[in-house]
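See below for the structure under consideration.
Since this is a predicted model, take the numbers as computed values, not measurements.
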Amino acid sequence: MTFCLRYRFSLIAAYLLLSVCSGKAQLPLRPDAFPPSESSASTGKALLMADDSASMADWMHYPTYEHYVAMMQRFERRHPALCRLDTIGTSVNGRLILCVRLSDDNAATVAEKPQVFYSAAIHGDELVGFHLMLHLIDTLLQAYGVSPQITALLASTEVYINPLANPDGTYYGGNGTVGLSRRYNARGVDLNRNYPDPFAATAKNIEPENQAMIDYVSVHRFRLSANLHSGSEVMNYPWDSFTSAQRSHPDADWWVAVSKRFVDTCRRESPAMFTDVVNSGYIAGGDWYVITGGRQDYMNYCHDMLEMTMELSSVKKVASGDLPRYWRSQRQALINYLCEVHALPVAAGVCSSVAGRGSWRAYPNPTRGPVTVETDGRAVLLDLSGHPAGIHLLRVDGRWVRVIKL
Ligand SMILES: [Zn+2]
């Protein structure tokens, strides 16, 4: 009910369709990076820990906090031409929120490389995404120059990966174990309910982990991202704040197509995956259950990026011996999703009372109809004459541009 009222009283007006195409080529979505599947032994429900690279080598352990930091540093040290380590910020208890940027800056296959972003374990006890992201970073670095797909990806794309968004939750039991990991941050806050709610009138106190993430996203130009969770297996696309009957995302058809490709790719290895919520394996978030304060809706609504929530394992604390199984099933889909940044939807528009960001200029603004939008030196003339008064957020060349129609 609250949402209905807010929806009615906000300046939401109309959906606009734009056809401003960036004209970029799509990368191949073909598997070519991996040898035939290897087998792995089960370790029951154990959450085995590794505190050095020798123990981590089989990818059947979780790293201690210190070894996680050491792994991130070593990625950069061993691959200085491809990998740069960033610190997004620090947690309540001072642990590092790290991110690697993977790209070959000497390869210039496109004029401006799009930026794509993975972030995992905002819920500290949802461990599989954390592990998968470390394995993915390692694989992208090792396979560069070997796999045609990965070579093309890092030559044409800036890939950002934050394996651990809530380190205090994951290492709640201490730096040496993930066995006592929990959902919340050190203050007991669910970080995926703590983002600014773009549809609410009241502000909230943003936790340090989330404020750091907001600041980081604000100085980048991520176009596509995913927030990795577990507890179910389903691709959850925007919006979380509404059912699709109340309000569907303007790019819903594209989200369905991307989700289906992800699920189908995983099912080639593990046919039963992504069936525990819906048989299709994908759903509009609010049709599963409505939440507010989630990161996904905030990123879609307040930043010029498309973000979805990937729920990657029915079990939250996946036994360390089962980790290779998830990696085998999902690695190719995770790589393919990064490539999707080169084939984003080009006809979309939502309405917003929240300012966008980025380097753009629209004039006249407010307008009674015609408006020229400039992004990165490119000017596009649009006409809002046939649309109702209010604030419109237009997507032009992948950016959200805020225009007021009188
Ligand atoms: Zn979660």
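Within the 3.5 Å criterion, the main-chain N or O of Asn93 finds a donor-acceptor partner in the side chain of Asp168. Using a distance-only test at 3.5 Å, with no hydrogens or angles considered, no donor-acceptor pair links the side chain of Asn210 to the main chain of Ile206. A distance-only check finds no donor-acceptor pair linking the side chain of Ser244 to the backbone of Ser248 [under 3.5 Å]. Between the Arg267 side chain and the Met273 main chain, a donor and an acceptor come within less than 3.5 Å of each other. Between the side chain of Ser232 and the backbone N or O of Ser314 there is no donor-acceptor pair closer than 3.5 Å. Looking only at distances, a side-chain donor or acceptor of Glu209 sits under 3.5 Å from a matching main-chain atom of Val92. Of the possible polar contacts, one joining the Ser313 side chain to the Val315 backbone as a donor-acceptor pair under 3.5 Å is found. Tyr195 contributes no side-chain N or O that, together with a main-chain N or O of Asp297, makes up a donor-acceptor pair within less than 3.5 Å. In terms of modelled atom types and a separation under 3.5 Å, the side chain of Ser280 and the main chain of Tyr282 share a donor-acceptor contact. For Ser55 (side chain) and Asp51 (main-chain N/O), no donor-acceptor pair under 3.5 Å exists by modelled atom type.
Around the CG atom of Asp383, the shell of radius 6.0 Å holds more than 12 heavy atoms that belong to other residues, nucleotides or ligands. By the 6.0 Å contact criterion, CG on Asp264 is enclosed, its count of non-hydrogen atoms from other residues, nucleotides or ligands being greater than 12. Within a 6.0 Å radius of CZ in Arg193, other residues, nucleotides and ligands contribute more than 12 heavy atoms.
The pair Lys317-Asp125 does not count as a salt bridge, with every side-chain nitrogen at least 4.0 angstrom from each carboxylate oxygen. A salt bridge links Arg261 with Glu340: the distance from a Lys NZ or Arg NE/NH1/NH2 to an Asp or Glu carboxylate oxygen falls below 4.0 Å. Taking a cutoff of 4.0 Å between a charged side-chain nitrogen and a carboxylate oxygen, Asp105 and Arg101 qualify as a salt bridge.
For His79 and Phe75, the distance between ring centers is not under 6.0 angstrom. For Tyr301 and Trp239, the ring centers are positioned less than 6.0 Å apart. Trp327 has its ring centre no less than 6.0 Å from the ring centre of His131. Ring centroids of Phe222 and Tyr160 are separated by less than 6.0 Å, placing the two rings close together.
Side-chain contact check for Met133 versus Leu334: some heavy-atom pair is nearer than 4.5 Å. Inter-residue side-chain proximity for Tyr216 and Ile97 is flagged as unmet; no heavy-atom pair is nearer than 4.5 Å. The side-chain heavy atoms of Met72 and Val100, taken from C-beta on, include a pair separated by under 4.5 Å.
In this view, His229 and Ile122, His123, Glu126, Asn192, Asn227, Thr309, Glu311 satisfy the side-chain contact (heavy atoms from CB on, under 4.5 Å) rule, not counting sequence neighbours.
Using modelled atom types, one finds no donor on one side chain facing an acceptor on the other under 3.5 Å when comparing Asn194 with Glu207. Ser270 and Arg328 form no side-chain donor-acceptor contact under 3.5 Å, judged by distance and modelled atom types alone.
Contacts classified as side-chain hydrogen bond (donor to acceptor under 3.5 Å, both in side chains) and involving residues 63-77 (residues at least two apart or in different chains) are given here: Glu66-Asn175.
For the atom pair CD of Glu269 and OG of Ser329, the computed distance is 5.5 Å after rounding to the nearest 0.5 Å.
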